[in-house]
Amino acid sequence: MSDLLSAFLRLLLLFKLVAPVTFRHHRYDDLVRTLYKVRNQCPDVTRVYSIGRSVRGRQLYVLEFSDDPGTHEPLEPEFKYVGNMHGNEVLGRELLLQLAEFLCEEFRNQNPRILRLIHDTRIHILPSMNPDGYEVAAAQGPYMSGYLVGRNNANGVDLNRNFPDLNTYFYYNEKYGGPNHHLPLPDNWKSQVEPETRAVIQWIRSFNFVLSANLHGGAVVANYPYDKSLEHRSRSSHHSSNSPTPDDKLFQKLAKVYSYAHGWMYQGWNCGDYFPDGITNGASWYSLSKGMQDFNYLHTNCFEITLELSCNKFPRQEELQREWLGNREALIQFLEQVHQGIKGMVLDENYNNLTGAVISVSGINHDVTPGEQGDYFRLLLPGTYTVTATAPGFDPQTVSVTVGPAEPTLVNFYLKKSKAQVYPMRRTPSGEQAARVKVLSRPSRKKDPGMKKPHRGPA
Ligand SMILES: [Zn+2]
């Protein structure tokens, strides 16, 4: 090697060591390169995969972190971050790329907190759900005159108003009895939604996600479900009322974890708005229909909140470093929240998988189901709970569980085959799930799977 070349290489190495992390906006090609760069730097704990394509044919890439990428390990929860659903709200996209680089770098530095996180969690990062909208916004740049340019996808559709509306079922069920979890998709849902939405729905149906956040901009607040108020139809889109889920206290805590770990969100005064503790119920801010976070809660096991992260939807490049430092701890702490409550296996006496098992917590009208391998996760605040596992054809099993503040409590269920006669099952709007619940002699809530399909929403 020539002296000149080795001097150059040494210089390059020196530069690499002292150069600050570069903060810049990433166009699509740059984003893809960055994901693959992280993939190549941390090949043992990462994987890049696509969940589908945008209207313009751009791949919706996800970067996965796990000690066994590409595999669901039983009792290891699945977590996701989604950015840039509104193409012109770009901070989330940049923060998620920074997060990806940070996780990889700290893994390589043997940072014990990050090692543990990657060892115990399967993390999925979708930095841009709307790459087409982003390119339109980015062509205009940070000094945008049109505030909404690039918000929608290439078909002009707002993706956070594009998910099937399951709230209507839910409000009906609240009134007349029926489940508010795993509500079914309309038969023709695929033809009713945009390609990006379709890809995300298929994605969240194919993993048993437990916790998630959807990153936006235009305000600074952590927003939790429901987004849609009960009075949505009769009111204008502002001055709505609080619309809590059965998991309201848990959602408030999750939102506070983010706001208090964030540099300034918790202060509440941001962008000319005030939100106590830097959090808000979605509907009490303004009601929106067909949003992603309500869909996650009503259709899947996933608890999702929406993070509004910057007053300026397209911050200048010079602001990115401050934003990253303001969000870094919050992004990690929120991720760590996936490890709380209870988790375990639901199997039969011979450790075989059960079909249609459901985990219910007394006093919280929102059940969860195990994944394909029989493991379930139920986020809960510290406290003592009565938890019941049920499956059709098996005797239900109820236990009392105490949940602490840190680690999740392990609660396994091994159900015995029921000797009772088989109950007739009827088809219901909520499909199999509700019918399964009927089999049980359940102590608490009334759930009537024989309910009729709502005519046109709540009366
Ligand atoms: Zn948004």
Side-chain angles (χ1 to χ4, degrees), residues 25-26 31 54-55 60 80-97 125-138 140 142 144 146-163 165 193-194 196-197 199-201 204 212-229 232 237-238 240 255 258-259 262 265 270-273 275 278-297 304-315 319-320 323 326-327 330-331 334:
H25 290 292
H26 294 71
L31 176 145
S54 68
V55 172
L60 304 172
K80 65 182 156 70
Y81 271 133
V82 176
N84 201 209
M85 177 190 214
H86 290 141
N88 61 334
E89 296 167 15
V90 305
L91 182 60
R93 172 185 177 114
E94 298 308 328
L95 291 176
L96 292 182
L97 290 176
I125 298 172
L126 172 63
S128 181
M129 182 179 163
N130 183 3
D132 295 350
Y134 177 84
E135 291 302 312
V136 175
Q140 224 187 214
M144 296 165 62
Y147 193 59
L148 295 177
V149 171
R151 175 185 175 90
N152 298 340
N153 77 347
N155 287 334
V157 175
D158 184 333
L159 298 177
N160 209 22
R161 310 287 187 278
N162 189 234
F163 282 74
D165 183 2
V193 301
E194 292 299 305
E196 295 87 352
T197 310
V200 165
I201 290 177
I204 63 184
S212 167
N214 175 14
L215 279 53
H216 287 248
V220 176
V221 64
N223 173 329
Y224 55 89
Y226 293 115
D227 265 335
K228 184 174 179 179
S229 72
H232 186 79
S237 62
H238 53 285
S240 298
Y258 200 93
S259 71
H262 185 277
M265 185 184 282
N270 286 298
C271 325
D273 266 324
F275 299 101
I279 68 169
T280 185
N281 171 266
S284 81
W285 184 14
Y286 63 92
S287 177
L288 74 85
S289 199
K290 302 183 177 186
M292 187 159 75
Q293 72 177 6
D294 288 6
F295 180 84
N296 268 270
Y297 186 72
E304 181 169 275
I305 67 170
T306 304
L307 299 168
E308 302 282 348
L309 295 176
S310 58
C311 303
N312 188 348
K313 295 186 176 195
F314 204 128
E319 293 168 42
L320 294 179
E323 291 290 353
N327 280 278
L331 287 166
F334 184 74

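Ligands are counted one by one from 1 in listed order, and the atoms in each one are counted from 1 as well. Numbers here simply count residues along the sequence, with the first being 1.
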Do you know which two heavy atoms are closest between Asp227 and Asp294, and how far apart they sit?
-> N-OD1, 2.8 Å
Within the side chain of His25, is there an N or O that forms a donor-acceptor pair under 3.5 Å with the backbone of Glu94?
-> no
Using the Zn ion (ligand 1) as the apex, give the angle to atoms OE2 (Glu89) and ND1 (His216), rounded to 10 degrees.
-> 150°
Applying side-chain hydrogen bond (donor to acceptor under 3.5 Å, both in side chains), run through Asp158 and His86 and close with a yes or a no.
-> CA-CA 7 Å; Asp158 184 333; His86 290 141; 2.7 Å; yes
Check all N, O or S atoms of His86 and name the one closest to the Zn ion (ligand 1).
-> ND1
Does the shortest distance from the Zn ion (ligand 1) to an N/O/S atom of Glu308 fall below 2.8 Å?
-> no
Do Phe295 and Ile204 have side chains that get closer than 4.5 Å, going by heavy atoms?
-> yes
